[in-house]
Amino acid sequence: MTDTPTWVDEYHKSSRFGIYGKVLLKKNSKYQEIIIIESDYYGKALMLDGCWMTSLRDEKYYHECLVHPALNSIEKKSHILIIGGGDGGTARECLKYSQVEKIDLVEIDDEVIKVSKTFLKELGGSAWRDKRLTIHIADGGKWVEKTKDNSYDAILIDCSDPSEFSNFLFTDSFYKECKRILTKKGILATQSESPESFKNIHIHILKSLKKEFKSSETMYSFVPIYPSGIWSWTFASEEELNLSNPHSEEVTIIEKSCDIWNLNFQKAAFKMMPNKIIRELNS
Ligand code: SAM
(Lines give C-alpha, C1' and ligand atoms only; values in the text may rest on other atoms or scores of the structure.)
Protein backbone atom coordinates (compact mmCIF):
# COMPACT_ATOMS: atom_id res chain seq x y z
CA MET A 1 0.00 0.00 0.00
CA THR A 2 1.69 3.25 1.09
CA ASP A 3 5.16 3.56 2.56
CA THR A 4 4.30 6.98 3.92
CA PRO A 5 2.96 6.65 7.47
CA THR A 6 -0.39 8.36 7.97
CA TRP A 7 -3.14 8.74 10.57
CA VAL A 8 -6.16 6.41 10.36
CA ASP A 9 -9.01 7.51 12.61
CA GLU A 10 -12.20 6.04 14.01
CA TYR A 11 -14.61 8.94 14.42
CA HIS A 12 -17.14 8.74 17.19
CA LYS A 13 -19.40 11.45 18.62
CA SER A 14 -17.08 14.49 18.16
CA SER A 15 -14.08 12.40 19.18
CA ARG A 16 -11.70 10.35 17.14
CA PHE A 17 -9.23 7.63 17.96
CA GLY A 18 -6.38 7.52 15.52
CA ILE A 19 -3.45 5.20 14.92
CA TYR A 20 -0.37 6.48 13.06
CA GLY A 21 1.41 4.09 10.78
CA LYS A 22 1.73 2.50 7.36
CA VAL A 23 -1.48 1.33 5.70
CA LEU A 24 -0.64 -2.21 4.54
CA LEU A 25 -4.08 -2.92 3.04
CA LYS A 26 -7.25 -1.01 2.20
CA LYS A 27 -9.98 -2.83 0.26
CA ASN A 28 -13.73 -3.39 0.11
CA SER A 29 -15.15 -6.85 0.60
CA LYS A 30 -18.71 -7.87 -0.24
CA TYR A 31 -19.73 -6.54 3.19
CA GLN A 32 -17.33 -3.90 4.42
CA GLU A 33 -14.21 -1.78 4.03
CA ILE A 34 -11.15 -3.55 5.46
CA ILE A 35 -8.02 -1.67 6.53
CA ILE A 36 -4.80 -3.05 8.02
CA ILE A 37 -2.37 -0.50 9.42
CA GLU A 38 1.00 -1.15 11.06
CA SER A 39 2.06 1.24 13.83
CA ASP A 40 5.12 1.31 16.10
CA TYR A 41 3.07 1.12 19.28
CA TYR A 42 -0.01 -1.02 18.42
CA GLY A 43 1.67 -3.22 15.79
CA LYS A 44 -0.75 -4.33 13.08
CA ALA A 45 -4.38 -3.30 13.60
CA LEU A 46 -7.64 -4.18 11.82
CA MET A 47 -10.36 -1.62 11.02
CA LEU A 48 -13.73 -2.62 9.55
CA ASP A 49 -16.04 0.03 8.11
CA GLY A 50 -14.27 2.80 10.03
CA CYS A 51 -14.33 0.95 13.40
CA TRP A 52 -11.23 -0.46 15.10
CA MET A 53 -11.67 -4.20 15.61
CA THR A 54 -8.37 -5.31 17.07
CA SER A 55 -4.64 -4.67 17.28
CA LEU A 56 -1.79 -7.04 18.07
CA ARG A 57 -0.93 -4.90 21.13
CA ASP A 58 -4.34 -4.79 22.88
CA GLU A 59 -6.35 -7.74 21.49
CA LYS A 60 -6.00 -9.80 24.69
CA TYR A 61 -7.91 -7.17 26.66
CA TYR A 62 -10.88 -8.19 24.54
CA HIS A 63 -10.48 -11.89 23.67
CA GLU A 64 -9.48 -13.12 27.14
CA CYS A 65 -12.50 -11.32 28.68
CA LEU A 66 -14.98 -12.83 26.19
CA VAL A 67 -13.76 -16.43 26.51
CA HIS A 68 -12.45 -17.29 29.98
CA PRO A 69 -15.32 -16.19 32.26
CA ALA A 70 -17.62 -18.28 30.01
CA LEU A 71 -15.57 -21.46 29.62
CA ASN A 72 -14.47 -21.50 33.24
CA SER A 73 -18.03 -21.31 34.50
CA ILE A 74 -19.32 -24.44 32.69
CA GLU A 75 -18.41 -28.06 33.38
CA LYS A 76 -19.01 -29.52 29.89
CA LYS A 77 -17.39 -27.40 27.18
CA SER A 78 -16.84 -29.81 24.29
CA HIS A 79 -18.90 -28.12 21.55
CA ILE A 80 -18.60 -24.35 20.99
CA LEU A 81 -20.11 -21.89 18.51
CA ILE A 82 -18.27 -18.63 17.75
CA ILE A 83 -20.25 -16.05 15.77
CA GLY A 84 -18.03 -13.53 14.00
CA GLY A 85 -14.50 -13.78 15.36
CA GLY A 86 -12.89 -13.68 11.88
CA ASP A 87 -9.58 -12.41 13.32
CA GLY A 88 -9.08 -15.74 15.13
CA GLY A 89 -8.44 -14.39 18.65
CA THR A 90 -11.54 -15.89 20.26
CA ALA A 91 -10.88 -19.32 18.74
CA ARG A 92 -7.27 -19.17 19.93
CA GLU A 93 -8.36 -18.63 23.54
CA CYS A 94 -11.01 -21.39 23.38
CA LEU A 95 -8.52 -23.92 22.02
CA LYS A 96 -6.43 -23.53 25.19
CA TYR A 97 -8.97 -25.87 26.89
CA SER A 98 -8.28 -29.60 26.40
CA GLN A 99 -11.99 -30.35 26.95
CA VAL A 100 -12.90 -28.37 23.84
CA GLU A 101 -13.53 -30.96 21.10
CA LYS A 102 -15.20 -28.97 18.32
CA ILE A 103 -15.57 -25.28 17.49
CA ASP A 104 -17.84 -23.98 14.72
CA LEU A 105 -16.64 -20.46 13.81
CA VAL A 106 -19.35 -18.76 11.72
CA GLU A 107 -17.99 -15.61 10.05
CA ILE A 108 -20.02 -13.78 7.38
CA ASP A 109 -17.04 -12.24 5.55
CA ASP A 110 -14.34 -14.65 4.29
CA GLU A 111 -12.15 -11.63 3.42
CA VAL A 112 -11.73 -10.86 7.12
CA ILE A 113 -10.38 -14.36 7.71
CA LYS A 114 -8.07 -14.20 4.67
CA VAL A 115 -6.72 -10.78 5.69
CA SER A 116 -6.29 -11.90 9.33
CA LYS A 117 -4.40 -15.04 8.30
CA THR A 118 -2.11 -12.91 6.10
CA PHE A 119 -1.51 -9.79 8.19
CA LEU A 120 -2.45 -10.81 11.78
CA LYS A 121 -0.89 -14.30 11.88
CA GLU A 122 0.11 -13.90 15.56
CA LEU A 123 -3.52 -13.24 16.54
CA GLY A 124 -5.08 -16.51 15.35
CA GLY A 125 -1.75 -18.30 15.77
CA SER A 126 -2.06 -22.09 15.69
CA ALA A 127 -5.86 -21.90 15.93
CA TRP A 128 -6.20 -21.83 12.14
CA ARG A 129 -4.38 -25.19 11.89
CA ASP A 130 -6.19 -26.82 14.83
CA LYS A 131 -8.37 -29.76 13.67
CA ARG A 132 -10.95 -28.92 16.33
CA LEU A 133 -11.77 -25.63 14.53
CA THR A 134 -14.22 -25.62 11.58
CA ILE A 135 -14.74 -22.36 9.67
CA HIS A 136 -18.14 -21.62 8.14
CA ILE A 137 -18.59 -18.54 5.94
CA ALA A 138 -22.20 -17.77 6.76
CA ASP A 139 -24.54 -15.35 8.52
CA GLY A 140 -24.47 -16.15 12.24
CA GLY A 141 -28.16 -15.36 12.59
CA LYS A 142 -29.17 -17.81 9.87
CA TRP A 143 -26.75 -20.44 11.26
CA VAL A 144 -28.43 -20.28 14.66
CA GLU A 145 -31.92 -20.50 13.12
CA LYS A 146 -31.06 -23.70 11.21
CA THR A 147 -29.26 -25.39 14.14
CA LYS A 148 -31.08 -28.06 16.14
CA ASP A 149 -31.89 -27.74 19.86
CA ASN A 150 -29.27 -28.38 22.58
CA SER A 151 -26.32 -28.34 20.16
CA TYR A 152 -23.74 -26.16 21.90
CA ASP A 153 -22.23 -25.93 25.40
CA ALA A 154 -21.15 -22.34 24.76
CA ILE A 155 -22.03 -19.64 22.22
CA LEU A 156 -19.48 -16.80 21.97
CA ILE A 157 -20.70 -13.75 20.04
CA ASP A 158 -17.62 -11.89 18.81
CA CYS A 159 -19.36 -9.69 16.28
CA SER A 160 -18.80 -6.12 15.12
CA ASP A 161 -21.03 -3.20 16.12
CA PRO A 162 -24.64 -3.14 14.88
CA SER A 163 -24.74 -2.70 11.09
CA GLU A 164 -26.91 -3.75 8.19
CA PHE A 165 -25.56 -7.32 8.32
CA SER A 166 -25.01 -7.64 12.09
CA ASN A 167 -28.16 -5.98 13.52
CA PHE A 168 -29.96 -9.31 13.95
CA LEU A 169 -27.23 -10.45 16.36
CA PHE A 170 -28.48 -7.86 18.87
CA THR A 171 -32.17 -8.83 18.76
CA ASP A 172 -34.45 -10.63 21.24
CA SER A 173 -35.33 -13.28 18.65
CA PHE A 174 -31.64 -14.03 18.07
CA TYR A 175 -31.04 -14.48 21.81
CA LYS A 176 -34.15 -16.69 22.00
CA GLU A 177 -32.75 -18.88 19.21
CA CYS A 178 -29.37 -19.01 20.97
CA LYS A 179 -31.10 -20.24 24.13
CA ARG A 180 -32.84 -22.97 22.11
CA ILE A 181 -29.59 -24.34 20.62
CA LEU A 182 -27.66 -24.18 23.91
CA THR A 183 -27.51 -27.26 26.12
CA LYS A 184 -29.42 -26.96 29.42
CA LYS A 185 -26.22 -26.05 31.32
CA GLY A 186 -24.81 -24.07 28.40
CA ILE A 187 -23.67 -20.42 28.45
CA LEU A 188 -23.96 -17.51 26.04
CA ALA A 189 -21.23 -14.85 26.07
CA THR A 190 -21.40 -11.69 23.99
CA GLN A 191 -19.40 -8.54 23.57
CA SER A 192 -22.01 -6.06 24.89
CA GLU A 193 -20.55 -2.81 23.61
CA SER A 194 -19.47 0.20 25.70
CA PRO A 195 -21.54 1.69 28.57
CA GLU A 196 -20.07 5.04 27.50
CA SER A 197 -19.70 5.24 23.69
CA PHE A 198 -22.57 2.85 22.83
CA LYS A 199 -24.77 3.24 25.92
CA ASN A 200 -28.17 2.68 24.26
CA ILE A 201 -27.22 -0.57 22.51
CA HIS A 202 -25.41 -1.65 25.71
CA ILE A 203 -28.58 -1.16 27.78
CA HIS A 204 -30.66 -2.91 25.09
CA ILE A 205 -28.38 -5.99 25.13
CA LEU A 206 -28.42 -6.25 28.94
CA LYS A 207 -32.23 -5.84 29.13
CA SER A 208 -32.77 -8.41 26.33
CA LEU A 209 -30.55 -11.04 27.93
CA LYS A 210 -32.08 -10.41 31.38
CA LYS A 211 -35.52 -10.98 29.81
CA GLU A 212 -34.51 -14.09 27.82
CA PHE A 213 -32.30 -15.99 30.27
CA LYS A 214 -32.72 -17.02 33.94
CA SER A 215 -29.41 -15.42 34.81
CA SER A 216 -27.16 -12.90 33.13
CA GLU A 217 -24.22 -10.86 34.38
CA THR A 218 -22.01 -8.17 32.83
CA MET A 219 -18.32 -7.49 33.34
CA TYR A 220 -16.52 -4.26 32.44
CA SER A 221 -12.95 -3.62 31.45
CA PHE A 222 -10.95 -1.72 28.87
CA VAL A 223 -9.94 -2.14 25.26
CA PRO A 224 -7.47 0.71 24.59
CA ILE A 225 -8.31 1.27 20.87
CA TYR A 226 -12.11 1.17 21.27
CA PRO A 227 -14.13 4.43 21.54
CA SER A 228 -13.96 5.72 25.13
CA GLY A 229 -11.79 2.66 26.03
CA ILE A 230 -14.34 1.09 28.41
CA TRP A 231 -16.03 -2.08 27.07
CA SER A 232 -18.27 -4.87 28.39
CA TRP A 233 -19.03 -8.57 28.06
CA THR A 234 -22.29 -10.17 29.15
CA PHE A 235 -22.82 -13.82 30.09
CA ALA A 236 -26.23 -15.54 30.23
CA SER A 237 -27.53 -19.00 31.06
CA GLU A 238 -30.64 -20.91 32.11
CA GLU A 239 -28.58 -22.15 35.05
CA GLU A 240 -27.36 -20.05 37.97
CA LEU A 241 -24.17 -18.46 36.59
CA ASN A 242 -21.14 -19.73 38.43
CA LEU A 243 -18.75 -16.92 37.63
CA SER A 244 -16.69 -16.95 40.80
CA ASN A 245 -15.83 -20.63 41.36
CA PRO A 246 -14.27 -21.93 38.13
CA HIS A 247 -15.24 -25.34 36.75
CA SER A 248 -11.89 -26.08 35.23
CA GLU A 249 -8.89 -27.94 36.59
CA GLU A 250 -6.96 -26.03 33.94
CA VAL A 251 -7.77 -22.61 35.39
CA THR A 252 -4.28 -22.08 36.83
CA ILE A 253 -2.66 -23.08 33.52
CA ILE A 254 -5.07 -20.82 31.62
CA GLU A 255 -4.37 -17.90 34.01
CA LYS A 256 -0.63 -18.29 33.39
CA SER A 257 -1.22 -18.21 29.60
CA CYS A 258 -3.14 -14.93 29.81
CA ASP A 259 -1.82 -11.35 29.78
CA ILE A 260 -4.97 -9.71 31.16
CA TRP A 261 -7.52 -12.19 32.54
CA ASN A 262 -7.24 -13.95 35.88
CA LEU A 263 -9.90 -14.90 38.40
CA ASN A 264 -9.37 -11.87 40.68
CA PHE A 265 -9.52 -9.55 37.65
CA GLN A 266 -12.78 -11.27 36.65
CA LYS A 267 -14.34 -11.03 40.12
CA ALA A 268 -13.56 -7.29 40.24
CA ALA A 269 -14.75 -6.70 36.67
CA PHE A 270 -18.18 -8.16 37.48
CA LYS A 271 -18.52 -5.53 40.22
CA MET A 272 -17.87 -2.53 37.95
CA MET A 273 -21.36 -1.73 36.57
CA PRO A 274 -21.58 2.10 36.49
CA ASN A 275 -24.42 3.60 38.58
CA LYS A 276 -26.01 5.29 35.56
CA ILE A 277 -26.32 1.86 33.89
CA ILE A 278 -27.82 0.33 37.06
CA ARG A 279 -30.34 3.19 37.21
CA GLU A 280 -31.34 2.74 33.54
CA LEU A 281 -31.64 -1.03 33.92
CA ASN A 282 -33.97 -0.52 36.88
CA SER A 283 -36.00 2.26 35.27
N1 SAM B 1 -13.79 -7.35 18.65
C2 SAM B 1 -14.56 -6.80 17.66
C3 SAM B 1 -15.64 -5.91 18.22
O4 SAM B 1 -15.99 -6.06 19.38
O5 SAM B 1 -16.10 -5.04 17.51
C6 SAM B 1 -15.14 -7.88 16.79
C7 SAM B 1 -14.09 -8.43 15.95
S8 SAM B 1 -14.59 -9.64 14.82
C9 SAM B 1 -13.47 -9.31 13.57
C10 SAM B 1 -16.14 -9.10 14.19
C11 SAM B 1 -16.59 -9.94 13.03
O12 SAM B 1 -18.02 -10.14 13.04
C13 SAM B 1 -16.29 -9.29 11.67
O14 SAM B 1 -15.31 -10.05 11.00
C15 SAM B 1 -17.64 -9.32 10.92
O16 SAM B 1 -17.50 -9.64 9.55
C17 SAM B 1 -18.38 -10.42 11.70
N18 SAM B 1 -19.84 -10.36 11.57
C19 SAM B 1 -20.62 -9.26 11.56
N20 SAM B 1 -21.92 -9.62 11.36
C21 SAM B 1 -21.93 -10.99 11.25
C22 SAM B 1 -22.97 -11.96 11.05
N23 SAM B 1 -24.25 -11.59 10.91
N24 SAM B 1 -22.63 -13.26 11.01
C25 SAM B 1 -21.32 -13.64 11.16
N26 SAM B 1 -20.29 -12.77 11.32
C27 SAM B 1 -20.60 -11.46 11.39
Side-chain angles (χ1 to χ4, degrees), residues 10 12 17 25 27-36 42 44-67 81-94 103-120 123-124 127-128 134-147 155-171 173-175 177-178 189-195 197-198 201-202 205 219-234 260:
E10 170 169 355
H12 191 79
F17 186 92
L25 176 103
K27 66 184 290 182
N28 287 310
S29 75
K30 196 167 141 204
Y31 294 94
Q32 53 206 332
E33 179 195 58
I34 304 176
I35 294 178
I36 295 278
Y42 285 100
K44 293 188 190 105
L46 169 68
M47 175 180 260
L48 296 177
D49 273 352
C51 299
W52 292 116
M53 289 295 124
T54 193
S55 80
L56 292 182
R57 185 179 188 87
D58 77 343
E59 56 92 4
K60 291 182 178 161
Y61 278 96
Y62 173 90
H63 292 115
E64 293 178 1
C65 288
L66 177 65
V67 173
L81 170 63
I82 297 173
I83 294 181
D87 53 49
T90 297
R92 181 200 67 219
E93 292 303 312
C94 290
I103 299 179
D104 288 321
L105 187 151
V106 179
E107 164 60 60
I108 200 167
D109 191 343
D110 60 344
E111 273 307 313
V112 173
I113 293 182
K114 284 191 195 132
V115 164
S116 299
K117 283 182 175 176
T118 311
F119 292 95
L120 302 169
L123 216 157
W128 300 120
T134 310
I135 308 288
H136 309 273
I137 302 303
D139 178 329
K142 295 201 174 62
W143 179 274
V144 163
E145 284 173 339
K146 72 171 183 56
T147 297
I155 298 176
L156 306 173
I157 305 164
D158 177 10
C159 65
S160 31
D161 307 324
S163 70
E164 194 198 314
F165 56 86
S166 63
N167 276 339
F168 181 68
L169 307 180
F170 298 87
T171 62
S173 36
F174 171 69
Y175 294 137
E177 284 291 282
C178 286
T190 184
Q191 69 92 356
S192 47
E193 303 283 341
S194 171
S197 53
F198 293 100
I201 185 72
H202 175 64
I205 296 167
M219 70 182 268
Y220 295 87
S221 174
F222 302 89
V223 182
I225 66 170
Y226 286 2
S228 76
I230 185 166
W231 211 254
S232 75
W233 300 263
T234 299
I260 308 297

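For the numbers below, each heavy atom of this structure counts, side chains included, while hydrogens, waters and symmetry mates do not. Atoms within a ligand are numbered from 1 in the order they appear, just like the ligands themselves. Keep in mind that what you see is a predicted model, and the values were worked out from it rather than measured.
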Exercise. Taking it one step at a time, do Gln191 and Cys159 satisfy side chain to side chain contact (heavy atoms under 4.5 Å, CB included)?
Worked result: CA-CA 7 Å; Gln191 69 92 356; Cys159 65; 4.2 Å; yes
Exercise. Have Tyr226 and Asp58 got a donor and an acceptor in their side chains that come within less than 3.5 Å?
Worked result: no
For this session: Test Leu25 against Phe119 for side chain to side chain contact (heavy atoms under 4.5 Å, CB included), laying out the working first.
Result: CA-CA 9 Å; Leu25 176 103; Phe119 292 95; 4.0 Å; yes
For this session: Begin with the C-alpha distance, continue with both residues' side-chain angles, and end with the deciding distance and a verdict on side chain to side chain contact (heavy atoms under 4.5 Å, CB included) for Ser173 and Phe168.
Result: CA-CA 8 Å; Ser173 36; Phe168 181 68; 3.6 Å; yes
Exercise. Going by distance alone, is a donor N or O of one side chain under 3.5 Å from an acceptor N or O of the other, for Ser29 and Asp109?
Worked result: yes
Exercise. Can any side-chain N or O of His12 pair as donor or acceptor with the backbone N or O of Ser197 at less than 3.5 Å?
Worked result: yes
Problem set entry | Residues in contact with ligand 1, criterion: heavy atom under 4.0 Å | Gln32, Leu48, Met53, Tyr62, Gly84, Gly85, Asp87, Val106, Glu107, Ile108, Asp109, Val112, Ala138, Asp139, Gly140, Asp158, Cys159, Ser160, Phe165, Ser166, Leu169, Gln191, Tyr226
